[in-house]
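Taking it in order: structure first as structure tokens, then the write-up.
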Amino acid sequence: MAKEWSGFFYRGCYFPNCVYNIETVKSNPMDQWDIRPDDVVVLTYPKSGTFWMLNLLSSLYTDLNLLLPASNKVVRLDQFYEDADDVPGSYGQHAKAMKESLHAMPSPRLLFCHLPFQLFPRTWQDGEKKCKIIYLARNPKDVCVSYYHYMQGILWAGMDLNWDEWVHAFVDGKVWYGSWLDHVLGWRRFGLKENVLHVTFEDMKKDSKSVLVKVADFLNRPKSDEELDEVVKNCSFTSMSQGVEFYKLISSTADQNSFVSSVRHLRKGQVGDWKNHFLVSQNEFFDREITVKAENDGQKFVYHM
Ligand code: A3P
């Protein structure tokens with residue numbers, strides 16, 4: 001049997017044992033989120049540029065509340081599913097604080113989430129309560145590479161797969177948040193009518209300003225050319241790398257025990273770094289299992305720039 005990152009499947013999504021407990025997961029804990037129509041949620045599969053988008057949005061709209069008062073960190077909604085008692089250090093404390101005090105956070109809130117659609121709250125799925133969701137996707141090869149490097153830095157997660165094992169685990173969906181393909185195809189079913197705007201990392205790389213114009217339009221909050229230019233400049237890879245303050249807001253950075261350095265968050269920020277990692281055989285396998293399936297479903301991504 002291939003080596004695996006220990007975990008379990010529930011409703012089509014993989015949950016690593018390092019953070020999750022099946023009983024907590026089964027209780028649909030995210031139904032506790034008090035969805036508000038003015039909530040703005042950045043929804044991504046991990047390593048798709050989440051913090052770039054959060055940084056852009058919070059710089060553009062300073063009235064959006066990003067930090068949880070109890071912990072002064074950014075709210076990741078999928079922490080509802082995590083068993084804070086099992087996770088060490090500040091990470092676990094933040095998950096607990098998030099569950100306890102999210103409802104006290106003033107509106108409008110800026111939140112983020114990595115969950116596949118099927119684990120999203122029922123009230124949202126049933127259309128009873130909708131907030132605005134910005135779904136940001138990135139080509140799966142660069143995601144796979146970025147995710148591999150990132151997980152190697154989270155020591156307590158116990159992800160000890162080598163690159164080849166990781167590629168197979170990624171394709172099988174046996175990584176945190178499950179299958180990239182299911183995630184992207186699951187969320188792509190929703191569009192503007194359901195309050196979901198789709199954008200890509202590659203479009204942001206090509207022309208961040210045009211993506212922000214779409215976002216501003218979606219939020220019904222237009223911004224001037226000058227304001228957009230300024231924010232794009234301040235949130236460029238170079239600017240963010242020089243001023244790493246933003247990354248202190250991530251729940252897992254505060255103690256060495258759960259170390260994820262800003263270097264790992266802002267690693268290369270490129271389109272096409274996968275070419276430095278994938279062997280020909282791994283690339284063919286990945287194309288067969290993911291890229292072609294995504295394209296057959298109409299999801300074309302940019303892999304070179
Ligand atoms: P790499 O590991 O390929 O460098 P997330 O925030 O979802 O965890 O995504 C992290 C990825 O987004 C990292 O990719 C990171 O470098 C990239 N990223 C973050 N800010 C960026 C920016 N301003 N410009 C380009 N890429 C950025």
Side-chain angles (χ1 to χ4, degrees), residues 1-8 13-20 44-52 54 73-74 76 78-79 81-83 86-92 94-95 112 114-115 136-181 183 201 237 240-241 244 246-279 281-283 285-286 289-290 303:
M1 210 174 89
K3 192 168 163 193
E4 287 184 0
W5 185 11
S6 138
F8 57 89
C13 183
Y14 196 69
F15 292 89
N17 287 323
C18 57
V19 188
Y20 301 98
T44 56
Y45 189 86
K47 312 322 291 172
S48 302
T50 322
F51 280 84
W52 187 9
L54 285 172
K73 293 194 186 298
V74 183
R76 174 158 55 81
D78 41 83
Q79 288 193 312
Y81 281 88
E82 298 177 5
D83 205 344
D86 292 347
V87 186
S90 65
Y91 185 99
H94 175 59
F112 82 106
H114 290 318
L115 284 179
L136 168 62
R138 183 182 189 185
N139 87 62
K141 294 184 187 179
D142 283 329
V143 167
C144 185
V145 168
S146 178
Y147 208 175
Y148 176 65
H149 287 289
Y150 182 77
M151 284 319 307
Q152 283 188 318
I154 306 184
L155 305 180
W156 53 260
M159 199 296 286
D160 62 351
L161 306 183
N162 64 31
W163 166 244
D164 189 61
E165 291 161 343
W166 174 263
V167 170
H168 282 81
F170 188 91
V171 164
D172 292 343
K174 289 184 174 172
V175 294
W176 200 337
Y177 302 105
S179 149
W180 175 91
L181 194 63
H183 202 285
F201 179 94
F237 187 81
M240 281 175 65
S241 308
V244 291
F246 191 78
Y247 281 86
K248 292 199 183 130
L249 308 177
I250 303 167
S251 59
S252 46
T253 49
D255 51 300
Q256 284 303 314
N257 200 15
S258 51
F259 151 80
V260 179
S261 74
S262 51
V263 174
R264 283 185 195 272
H265 266 105
L266 286 158
R267 202 182 50 89
K268 288 195 177 173
Q270 294 169 357
V271 179
D273 185 42
W274 62 270
K275 284 181 248 172
N276 299 317
H277 292 75
F278 278 80
L279 298 174
S281 58
Q282 289 164 344
N283 191 36
F285 169 63
F286 201 95
E289 297 299 326
I290 295 195
Y303 293 86

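Atom set for the values below is all heavy atoms of this structure, side chains included, hydrogens, waters and symmetry mates excluded.
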> How would you list, by chain and number, every residue that makes a salt bridge (charged side-chain N to carboxylate O under 4.0 Å, His left out) with Asp160, sequence neighbours excluded?
Replying inline: Lys3

> Are the side chain of Trp52 and the backbone of Phe201 linked by a donor-acceptor contact shorter than 3.5 Å?
Replying inline: no

> Mind checking whether Thr50 and Arg76 have side chains closer than 4.5 Å, heavy atoms only?
Replying inline: no

> Going by heavy atoms in the side chains, are Arg267 and Asp273 under 4.5 Å from each other?
Replying inline: yes

>> Can you give me the closest heavy-atom contact between Gln282 and Trp163, atom names plus distance?
In response: OE1-NE1, 3.0 Å

> Looking only at atom types and distance, does a side-chain atom of His183 sit under 3.5 Å from a main-chain N or O of Pro46, one as donor and one as acceptor?
Replying inline: no

>> Please enumerate all residues that pass side chain to side chain contact (heavy atoms under 4.5 Å, CB included) together with Ser179, with sequence neighbours excluded.
In response: Leu181, Asp182

> Listed by chain and number, what are the side chain to side chain contact (heavy atoms under 4.5 Å, CB included) partners of Tyr14, not counting sequence neighbours?
Replying inline: Glu4, Phe9, Lys174

> Taking atom NZ of Lys141 and atom CD1 of Ile290, what is their separation to the nearest 0.5 Å?
Replying inline: 10.0 Å

>> I'd like to know if the side chain of Asn283 reaches the main chain of Phe278, judged simply by a donor and an acceptor atom lying under 3.5 Å from each other, with no hydrogens or angles considered.
In response: no

>> I want to check something: taking the side chain as every heavy atom from C-beta on, are Tyr45 and Val175 in contact at a cut-off of under 4.5 Å?
In response: yes

> Among all residues two or more places apart in sequence or in another chain, which pass the side chain to side chain contact (heavy atoms under 4.5 Å, CB included) test with His168?
Replying inline: Asp164, Phe285

>> For Pro16, give me all partners under side chain to side chain contact (heavy atoms under 4.5 Å, CB included), at least two apart in sequence or on another chain.
In response: Trp5, Cys18, Tyr20, Trp176

> With sequence neighbours left out, what residues match Asp83 under salt bridge (charged side-chain N to carboxylate O under 4.0 Å, His left out)?
Replying inline: none

> Do the side chains of Trp166 and Met159 get nearer than 4.5 Å, heavy atoms only?
Replying inline: yes

> For Lys268 and His149, what are the C-alpha separation, side-chain angles and deciding distance, and is it a side chain to side chain contact (heavy atoms under 4.5 Å, CB included)?
Replying inline: CA-CA 11 Å; Lys268 288 195 177 173; His149 287 289; over 6 Å; no

> Which heavy-atom pair separates Ser6 from Asn17 by the least distance, and what is that distance?
Replying inline: OG-ND2, 2.6 Å

> Atom CH2 in Trp180, atom CD in Glu289: separation rounded to 0.5 Å?
Replying inline: 13.5 Å

> Between Arg138 and Ser146, is a side chain to side chain contact (heavy atoms under 4.5 Å, CB included) present by the stated rule, with each step listed?
Replying inline: CA-CA 11 Å; Arg138 183 182 189 185; Ser146 178; 3.9 Å; yes

>> Looking at every heavy atom in both Cys13 and Gly178, which two are closest together, and how far apart are they?
In response: SG-N, 4.0 Å

> What's the spacing between Ser241 OG and Leu266 CG if we round to 0.5 Å?
Replying inline: 4.5 Å

> So do Val143 and Phe170 actually touch side chain to side chain, heavy atoms under 4.5 Å?
Replying inline: yes

> Which heavy-atom pair separates Ala95 from Gln79 by the least distance, and what is that distance?
Replying inline: CA-OE1, 3.8 Å

> Is any side-chain heavy atom of Pro140 less than 4.5 Å from a side-chain heavy atom of Tyr303?
Replying inline: yes

